[in-house]
Amino acid sequence: MIGGGQGAFIGAVHRIAASLDGLYELTAGAFSSNAAKSRATGVLLGLAPDRVYGSYEELITQEMQRPATERVQVISIVTPNYLHFAPAKMALENGFDVVLDKPMTFSLAEAKQLQTVAEVSGRLLCLTHTYTGYPMVKEARQLLAAGTLGPIRKAYVEYPQGWLSGFEEGGENKQAAWRTDPARSGVAGAMGDIGTHAFNLLEYVTGLQVTRLCADINTVVPGRQLDDDGAVLLKLSNGASAVLVASQIAAGEENNVRIRVYGDKGGLEWQQVDANTLQVKWLDRPAEIRRTGTGYVGSFAQHNARVPAGHPEGYLEAFANLYRNFALTLQAREAGETASPEALDYPSIADGVRGMAFIENVIASGQSDKKWTEFTV
């Protein structure tokens, strides 16, 4: 692991997710650019002192000198956005597969370069867009892909939070400090942090791609350097329209991710506050409630559920599904086999490129006087 030292939020989530199915073992890390802090984290995690490093360069260089049977196989990168590209590039170039926190890079140019590096190296990358790991999100995707609800006509996706309703970056909140700093976060605030999740969820569930957009991007809290609120009108590749809302100043909201999609026969709705439930609403008959862990859901939902129906599976399990599917894909590759479609179902480097394109397109649209702009990658 690179990053994720003491005081970090997402590093601990990654470690829990990776360990949930017994498919990974944490053996080495550069948990901080401060060598002493990195060593302290390594002690807490019970790692051998000689496998705890003071920088990502040292980690990759030293691990490469170990016999192939002893060195790390996958490097998980959980640093702020501006520290994604360089360690991911170095890891791929030196033969390591990578798990990378989203958004993939600091800029679209870096994302495209990283995609080229991965293609040349032949290594794989998993991008942790958590919400695609939920079983009922996968059920929604399968239903729409099968045409069960007819051609898609309309979609709504929203991600409201309230934690940045005040000037949190002005105090001791480290998460707020880097996420609102353009030097560390990039050109977007809310749209980069949570808007990319909403965008990825929309394209994943519908199986369609955004082709045009019209964005209203706002910075509401005085003194903030990046956007903290926005709404986007979207056109999809089949001609359907969609609406995306992402806000971090929706006071009282936590992480209320929600998506609704409508075809000509009916619609579906999923939201994280009731993640085990998928509502399917029909034009001409009563609505259905589909539940995680049941025998009637599709193969992708079944593959990504661990416990019987009625036992809640949440954020950590969804996160773990990404790690598990990536591990199953790597194991199949090592065995000279083709991974199952269910195992191959994790966010890839191509999703990361589109996510970075969304960030740059949506900010450009928000700054433009044009009503609609083309979505360019």
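Among residues two or more places apart in sequence or in another chain, the side chain to side chain contact (heavy atoms under 4.5 Å, CB included) test is passed with L20 by R306, E317, A320. Applying the side chain to side chain contact (heavy atoms under 4.5 Å, CB included) criterion to Q142, with sequence neighbours excluded, gives E139, S299, F300. In this view, E63 and R51, R66 satisfy the salt bridge (charged side-chain N to carboxylate O under 4.0 Å, His left out) rule, not counting sequence neighbours.
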Problem set entry | Steps toward side chain to side chain contact (heavy atoms under 4.5 Å, CB included) verdict (Q65, R71) | CA-CA 8 Å; Q65 294 177 11; R71 72 175 70 118; over 6 Å; no
For this session: Please test T277 against R290 for side chain to side chain donor-acceptor pair (under 3.5 Å), starting from the C-alpha separation and ending with a verdict.
Result: CA-CA 6 Å; T277 297; R290 300 192 177 206; over 6 Å; no
Problem set entry | From CA spacing to verdict: side chain to side chain contact (heavy atoms under 4.5 Å, CB included), L47, T27 | CA-CA 6 Å; L47 298 187; T27 55; 5.6 Å; no
Exercise. Yes or no on side chain to side chain contact (heavy atoms under 4.5 Å, CB included) for Q6 and L44, after CA distance, side-chain angles and deciding distance?
Worked result: CA-CA 9 Å; Q6 293 169 287; L44 287 174; 3.2 Å; yes
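Remark: T294 OG1 to Q302 CD distance equals 7.5 Å, nearest 0.5 Å. Distance check, rounded to the nearest 0.5 Å: CD1 of I75 to CG of L92 gives 8.5 Å.
Between H197 and Y159, the ring planes are tilted. Angles from 30° to 60° get that label.
Looking at heavy atoms from C-beta onward, L226 lies in side-chain contact with S185 at the 4.5 angstrom threshold. Residues Q279 and E288 are not in side-chain contact: their nearest non-hydrogen atoms beyond the backbone lie 4.5 Å or more apart. Between Q161 and N255, some side-chain heavy-atom pair lies under the 4.5 Å cut-off. Contact check for R39 versus V43: no side-chain heavy atoms found under the 4.5 Å cut-off. Side-chain contact between Q73 and L330 is absent, with no heavy atoms from C-beta onward closer than 4.5 Å. The side-chain heavy atoms of H84 and L100, taken from C-beta on, include a pair separated by under 4.5 Å. Counting heavy atoms from C-beta on, the side chains of W163 and I249 never come closer than 4.5 Å. Side-chain atoms of M356 and V377, non-hydrogen and from C-beta on, never get closer than 4.5 Å to each other.
Residues N321 and D21 bring no donor and acceptor atom of their side chains to less than 3.5 Å of each other.
A salt bridge links D193 to K102: one of the charged nitrogens lies within less than 4.0 Å of a carboxylate oxygen. Using a cutoff of 4.0 Å between basic side-chain nitrogens and carboxylate oxygens, R212 and E374 are scored as salt-bridged. Taking a cutoff of 4.0 Å between a charged side-chain nitrogen and a carboxylate oxygen, K154 and D264 do not qualify as a salt bridge. Using a 4.0 Å cut-off between a side-chain N of Lys or Arg and a carboxylate O of Asp or Glu, D181 and R224 do not qualify as a salt bridge.
Cation-pi geometry between K235 and W372 is met: the NZ or CZ atom falls under 6.0 Å from the ring centre, inside 45° of the normal. Note that R141 lies in the cation-pi zone of Y204, set by a 6.0 Å cut-off to the ring centre and a 45° limit from the axis. At least one test fails for R153 against the ring of Y262: distance under 6.0 Å to the centre or angle within 45° of the axis.
For the pair T105 (side chain) and A111 (backbone), a donor-acceptor distance under 3.5 Å is present. The closest donor-acceptor contact from the side chain of S237 to the backbone of Q209 lies under 3.5 Å. Side-chain atoms of T148 do not come within 3.5 Å of backbone N or O of L144 as any donor-acceptor pair. Of the possible polar contacts, none joining the D227 side chain to the D229 backbone as a donor-acceptor pair under 3.5 Å is found. Looking at S32, its side chain never comes within 3.5 Å of a backbone N or O of S38 through a donor-acceptor pair.
In E172, the CD atom is not crowded: 12 or fewer heavy atoms of neighbouring residues, nucleotides or ligands sit closer than 6.0 Å. Heavy-atom contacts from other residues, nucleotides or ligands closer than 6.0 Å to CG of D369 number 12 or fewer. Applying the 6.0 Å contact sphere to CD of E254 captures no more than 12 heavy atoms from other residues, nucleotides or ligands. For K281, the NZ atom sits in a packed shell: over 12 heavy atoms of surrounding residues, nucleotides or ligands are nearer than 6.0 Å. Environment of CD in Q271: crowded, with over 12 heavy atoms of neighbouring residues, nucleotides or ligands closer than 6.0 Å.
Checked against a 6.0 Å centroid threshold, the rings of F85 and F106 do not count as neighbours. When ring centroids are compared, Y82 and W178 stay outside the 6.0 Å threshold. Ring centroids of F375 and F358 are separated by 6.0 Å or more, keeping the two rings apart.
At a threshold of 4.5 Å between side-chain heavy atoms, the hydrophobic network of Ile, Leu, Val, Met, Phe, Trp and Tyr places V243 and V362 in two separate groups. Residues L23 and L124 share a hydrophobic cluster, clusters being chains of Ile/Leu/Val/Met/Phe/Trp/Tyr side chains in contact below 4.5 Å. L114 and F96 fall within the same hydrophobic cluster, where Ile, Leu, Val, Met, Phe, Trp and Tyr residues are linked whenever their side-chain heavy atoms come under 4.5 Å apart, directly or through other members. Hydrophobic clustering of Ile, Leu, Val, Met, Phe, Trp and Tyr side chains at less than 4.5 Å, counting indirect connections, keeps Y315 apart from V273. Hydrophobic clustering keeps L83 apart from M90 (ILVMFWY residues linked when any side-chain heavy atoms are closer than 4.5 Å, directly or through intermediates).
Taking all atoms of both residues into account, the shortest heavy-atom contact from S365 to A215 is OG-N, 2.9 Å. E168 approaches A176 most closely through the heavy-atom pair CB-CB, 3.7 Å.
Checked against P103 for a side-chain contact (heavy atoms from CB on, under 4.5 Å), the options N81, N200, L108 give a single hit: N81. A ring-ring contact (aromatic ring centres under 6.0 Å, His included) with H14 is found for exactly one of Y323, F9, F326, namely Y323. Just one residue in the list V98, T128, V99, L125 forms a side-chain contact (heavy atoms from CB on, under 4.5 Å) with I77, and that residue is V98.
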